[in-house]
Amino acid sequence: MAADDDFFNIHDHGISVDRKKGRVQCNYCGKNMSGFSRLKSHLAGIRGDVTPCERVPENVKESWRNKLLEKKEGNPSKKEGNVYPPAISCKRNGCSNLNGGVKQFKCEATRGSDCDSGSYTGTASEQEEGAEQHISLLKRRIDSQTSFNFEKKKKDSLSWQAQKCIGRFFYEMGIDFSVANSPSFQDMINASRGKEKCEIPSCQDLKGWILHEEVMEMQEYVKRIRHSWESTGCSILLDGWTDENGRNLVSFIVDCPQGPIYLRSSDISAFVSNVDALQLLLDGVIEEVGVNNVVQIVACSTSGWMGDVGKQFMERRRTVFWTVSVFDCIALMLEKIGTIDFAREILEKAKTITKFIHGHATVLKLFRDFTGKRNLIKPSKLRSAMPFLTLENIVAEKKNLKAMFASFEWNRTKWASRTEGKRIVNLVEDRSFWSTARMVLKATIPLVRVLCLINGADKPQVGYIYETMDQAKETIKEEFKNKKTQYWPIWEIIDEIWDNHLHSPLHAADRHTQDLISFQLDEYRHAKGAFSRGSAVDQINKYSPAEWWSHYGVQYPELQRFAIRILSQTCEGASKYSLKRSLSEKLLTNGRNPIEQKRLSDLTYVHYNLQLQNSGRALKGDIVDDEIDPLDEWIVDESPEIVT
């Protein structure tokens with residue numbers, strides 16, 4: 001019995017948050033309510049003055065429900081046979097109300113005051129009639145109250161929806177919930193709604209019912225995405241990094257034509273050097289997504305643990321490709337081209353120009369006066385592209401740079417007579433600088449344009465990437481006037497990375513299916529059978545590859561399914577979505593109680609999936625970023641000297 005008493009201590013399931021107002025908070029969902037009595041009903045799932053708790057453990061819910069029902073059944077006024085109160089008439093002359101003394105009834109004799117209690121000594125039939133009148137009156141009042149509550153709910157639904165939108169904003173952007181208590185935030189929200197004030201959600205609302213609603217909605221969204229994997233297949237994108245504490249972490253994103261979703265994150269620090277353990281981790285992820293659904297795994301690096309696992313992965317799983325993100329492969333190409341002597345030297349010279357102009361307020365203002373408020377640096381969402389985009393911008397501003405350094409305004413500055421300023425002027429006047437800069441751009445900008453094309457695409461790129469890379473190589477060749485001595489070193493860098501990391505063999509079929517596909521593929525290559533029909537040939541350039549196969553490959557089901565699954569995949573990695581990693585790092589840090597850990601897990605799930613869900617709105621073809629990092633190496637020296 002003592003154990004039961006301990007279990008039914010309501011203070012173990014909720015805490016007082018405002019003793020003055022009698023407000024208490026549920027330990028499971030964080031909802032606030034008036035008093036511990038309502039908390040008991042909240043835990044028991046008994047509707048009435050409070051909504052049921054959605055997160056209370058089932059054994060706790062069942063125990064409190066039994067406890068409350070047992071208490072209710074022990075109350076004589078609630079027992080069967082005593083459903084209706086005894087019919088008592090008002091004792092004032094001129095009033096025909098029954099149940100006199102009940103405050104809801106107004107006396108007809110006095111026209112306003114409550115009926116006066118009296119006694120009733122009528123027959124059984126008269127008493128039954130009185131009970132029927134009482135029920136009829138109560139029904140009318142309930143109907144009236146229901147209508148009122150419905151209208152009130154309609155009015156409140158605007159505020160309810162507004163609070164959900166505010167919550168979604170907090171979750172997506174990863175904003176601290178305490179911001180909701182800021183007077184400035186509340187003023188901002190209310191100012192946007194004019195005279196109509198909005199009920200700002202509290203921290204507890206953001207942790208409680210709003211988060212719960214968002215989790216349920218996101219689960220439905222994810223469920224719809226998952227249903228498409230069987231027909232189109234999907235790709236698992238790896239996002240690996242090392243945090244400030246030296247932990248090796250990885251997040252898993254599942255991508256398909258219907259959209260990307262966040263799966264989960266893992267701390268692999270304990271086995272980062274154990275390839276077999278890493279393979280088992282990936283096996284578990286593949287099982288979770290569905291062995292028959294996964295077409296490929298897209299890594300974000302060619303080195304480290306991903307490089308080690310990638311070398312052995314396809315030997316273990318012959319039905320799943322291992323590839324590296326096109327973004328990361330092209331980034332590696334650009335980095336290697338940047339180490340060629342002529343490219344490295346010109347990039348260093350370009351960097352001295354940007355450091356000088358962006359490092360001194362007077363010079364930067366003068367430059368912007370000559371260029372219509374433009375900057376010299378071109379920040380990029382893709383770090384590897386920034387040096388070449390900036391070099392391209394310097395070449396585009398050549399005329400304005402020369403005009404600025406030859407101007408009266410420049411000669412009035414202190415920098416015109418200083419060694420540093422004179423060195424920059426000489427560099428801008430050096431013809432070899434500009435000719436070599438153009439050579440570097442011929443080798444790199446076609447690759448940067450591929451990044452722009454892929455970044456802005458709203459459809460999978462596997463069906464286009466081979467042709468796109470070939471076109472980029474041909475453009476580089478043409479830029480160098482077909483001079484093999486100039487373009488061939490660039491081609492060798494591209495081919496080495498392409499062959500080792502991007503150009504994957506197709507192993508995604510068993511032997512029987514491979515034979516069928518080989519036969520059907522021969523008909524496709526030679527435009528035989530259904531592939532020879534005019535409609536199929538005419539439309540081949542009007543649809544995306546996957547869409548074309550879904551329309552015109554019906555008579556070749558094995559080849560059609562194979563083609564759709566391959567061509568529906570992305571060639572991009574997790575870096576395209578630029579997910580902030582701080583929430584994953586927090587989630588993978590131990591020390592919270594189970595309730596807080598579950599809440600943080602829900603928040604992480606909603607945060608990343610909202611960002612991925614909205615990524616289609618934010619992504620554009622342009623990879624140029626809006627902001628310049630003030631600590632970037634193209635602005636400041638790694639060890640800057642103090643200028644007096």
Side-chain angles (χ1 to χ4, degrees), residues 164-165 167-169 171-174 211-239 250-266 282-300 319-321 323 325 327 454-463 508 544-547 549-550 560-580 583-584 587 601-619:
K164 284 190 63 178
C165 288
R168 192 174 295 119
F169 170 71
Y171 305 145
E172 180 182 354
M173 302 309 298
L211 179 58
H212 176 68
E213 290 274 336
E214 200 61 41
V215 168
M216 290 195 299
E217 288 185 14
M218 188 56 69
Q219 286 173 341
E220 288 300 314
Y221 170 77
V222 169
K223 187 185 298 183
R224 292 195 299 272
I225 298 292
R226 281 178 173 269
H227 285 164
S228 71
W229 294 347
E230 184 178 357
S231 59
T232 66
C234 60
S235 302
I236 297 175
L237 315 184
L238 306 182
D239 182 22
V250 60
S251 289
F252 301 95
I253 298 171
V254 185
D255 205 348
C256 72
Q258 295 300 313
I261 65 166
Y262 168 79
L263 194 65
R264 58 186 169 94
S265 300
S266 297
L282 292 176
D283 287 346
V285 174
I286 292 172
E287 294 286 343
E288 184 178 347
V289 175
V291 176
N292 295 325
N293 296 330
V294 181
V295 175
Q296 65 174 350
I297 291 181
V298 183
C300 64
T319 59
V320 179
F321 305 135
T323 187
S325 160
F327 279 177
I454 295 172
N455 188 63
D458 58 355
K459 295 180 181 179
Q461 290 295 312
V462 165
S544 71
E547 290 172 339
W549 276 101
S550 67
Q560 181 193 47
R561 182 176 186 274
F562 181 74
I564 289 175
R565 287 170 64 84
I566 296 299
L567 297 172
S568 293
Q569 304 313 308
T570 181
C571 60
E572 302 158 308
S575 59
K576 174 179 180 178
Y577 301 110
S578 302
L579 297 183
K580 296 179 180 178
L583 205 54
S584 290
L587 178 66
S601 178
D602 287 345
L603 182 60
T604 304
Y605 173 80
V606 170
H607 168 72
Y608 287 128
N609 278 308
L610 276 175
Q611 290 205 330
L612 291 171
Q613 187 179 29
N614 294 328
S615 61
R617 301 180 185 179
L619 293 175

Validation row: Y577, D255 side chains within 4.5 angstrom (heavy atoms): yes
Side chain to side chain contact (heavy atoms under 4.5 Å, CB included) evaluation trace for Q258 with R224: CA-CA 9 Å; Q258 295 300 313; R224 292 195 299 272; over 6 Å; no
Interatomic spacing from CG in L603 to CG in L587 - rounded to 0.5 Å: 9.5 Å
Over 12 foreign heavy atoms within 6.0 Å of CE, M216: yes
Test side chain to side chain contact (heavy atoms under 4.5 Å, CB included) applied to M173 and H607, step by step: CA-CA 7 Å; M173 302 309 298; H607 168 72; over 6 Å; no
Atom pair OH (Y605) and OG (S601), whose distance is rounded to the nearest 0.5 Å: 10.0 Å
Test item: Q296 side-chain N/O and S235 main-chain N/O as donor-acceptor pair under 3.5 Å: no
E572 side chain reached by V298 side chain, heavy atoms, under 4.5 Å: no
For the student: nearest non-hydrogen atoms of P257 and T232, plus distance: CD-OG1, 3.7 Å
Salt-bridge criterion met for R168 and E214 (N-O under 4.0 Å): yes
Whether Y608 side chain and K580 backbone form a donor-acceptor pair below 3.5 Å: yes
Minimum side-chain heavy-atom gap L263-I253 below 4.5 Å: no
Polar side-chain atom of Q611 near backbone of E172 as donor-acceptor pair, under 3.5 Å: yes
Rounded distance [0.5 Å steps], CD in E288 versus CD1 in I236: 8.5 Å
Any V285 side-chain heavy atom under 4.5 Å of V294 side chain: no
From CA spacing to verdict: side chain to side chain contact (heavy atoms under 4.5 Å, CB included), L610, L612: CA-CA 5 Å; L610 276 175; L612 291 171; over 6 Å; no
Value rounded to 0.5 Å, distance of CG in L237 from NZ in K576: 10.0 Å
Test item: I297 and T323 side chains (from C-beta on) under 4.5 Å apart, heavy atoms: no
Any donor-acceptor pair under 3.5 Å from N293 side chain to C234 backbone: no
Spacing of CG belonging to N609 relative to CD1 belonging to I261, to within rounding of 0.5 Å: 6.0 Å
Q219 side, atom CD; R226 side, atom CZ - distance, nearest 0.5 Å: 10.5 Å
S228 side chain to I225 backbone, donor-acceptor under 3.5 Å: yes
Minimum side-chain heavy-atom gap F252-S266 below 4.5 Å: yes
Exam field: side chain Y171 to backbone L211, donor-acceptor pair closer than 3.5 Å: yes
Nearest heavy atoms of G573 and S325, plus distance in Å: N-OG, 3.1 Å
Check: E230 and N292 side chains under 4.5 Å, non-hydrogen atoms: no
Side chain to side chain contact (heavy atoms under 4.5 Å, CB included) assessment of D239 paired with S575: CA-CA 7 Å; D239 182 22; S575 59; over 6 Å; no
Test item: V295 and V320 side chains (from C-beta on) under 4.5 Å apart, heavy atoms: no
